[in-house]
Amino acid sequence: IAPCGMPSRNPSGPRPSVQFVRTTSKGIAAGDIVLIDKKGRRFHAQVTELEQLESGRFELNVRPLDSRISWRTASVREVIEVWRRARRAA
């Protein structure tokens with residue numbers, strides 16, 4: 001997993017045929033790991049799906065990495081850090 005803003009290990013390597021569309025302002029896509037702050041509680045989670053509400057805001061469906069966390073949704077505003085899913089070399 002490549003941290004947000006850092007190049008992947010092999011940036012000049014072959015590109016995969018399937019690319020994820022990053023449509024939010026923070027460039028979040030399914031498969032990314034995010035640090036979320038909900039009501040002062042911080043936890044890491046994997047993004048499973050992005051959903052755009054009628055208001056135009058994005059809601060993330062997430063799977064927390066810690067089984068003690070019960071939240072399954074978060075807004076983009078609650079995301080503190082993003083680690084993008086690394087591209088696989090062929």
Side-chain angles (χ1 to χ4, degrees):
I1 298 176
C4 184
M6 297 194 65
S8 62
R9 291 182 183 184
N10 189 8
S12 62
R15 303 279 184 217
S17 60
V18 177
Q19 292 191 1
F20 294 98
V21 178
R22 298 184 183 279
T23 53
T24 65
S25 62
K26 293 185 180 182
I28 302 169
D32 292 349
I33 302 292
V34 291
L35 176 62
I36 298 173
D37 185 334
K38 267 194 161 312
K39 300 182 181 180
R41 304 274 183 180
R42 291 186 178 194
F43 62 94
H44 291 89
Q46 182 178 18
V47 178
T48 57
E49 183 181 2
L50 280 124
E51 186 177 338
Q52 189 168 15
L53 305 175
E54 290 181 13
S55 63
R57 292 187 179 178
F58 283 92
E59 185 175 83
L60 308 174
N61 291 328
V62 298
R63 184 177 57 85
L65 301 182
D66 187 347
S67 62
R68 297 173 292 177
I69 305 297
S70 61
W71 283 301
R72 299 291 186 253
T73 60
S75 68
V76 174
R77 290 182 177 188
E78 295 169 325
V79 174
I80 297 172
E81 289 185 55
V82 179
W83 290 270
R84 292 192 176 129
R85 183 173 162 165
R87 296 183 179 131
R88 295 180 186 231

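Nothing fancy with the numbering, it's 1 onward along the sequence.
- In this structure Arg68 satisfies the salt bridge (charged side-chain N to carboxylate O under 4.0 Å, His left out) test together with Asp66, sequence neighbours excluded.
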Sequence neighbours excluded and cut-off under 3.5 Å, please list the side-chain donor-acceptor pairs for residues 56-63, or say none.
residue : atom : partner : partner atom : Å
Asn61   : ND2  : Glu49   : OE1          : 3.1
Arg63   : NH2  : Gln46   : OE1          : 2.6

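- The nearest pair of heavy atoms linking Ala29 to Leu50 is CA-CD1, 3.6 Å.
- Contact detail for Ile69 and Pro64: the closest heavy-atom pair is CB-CB, 3.8 Å.
- Residues passing the side-chain contact (heavy atoms from CB on, under 4.5 Å) test with Ile80, sequence neighbours excluded: Leu35, Asp37, Arg42.
- For the atom pair CZ (Arg84) and CD1 (Ile28), the distance works out to 9.0 Å, reported to the nearest 0.5 Å.
- For the atom pair Trp71 CH2 and Arg41 CZ, the distance stands at 6.5 Å (nearest 0.5 Å).
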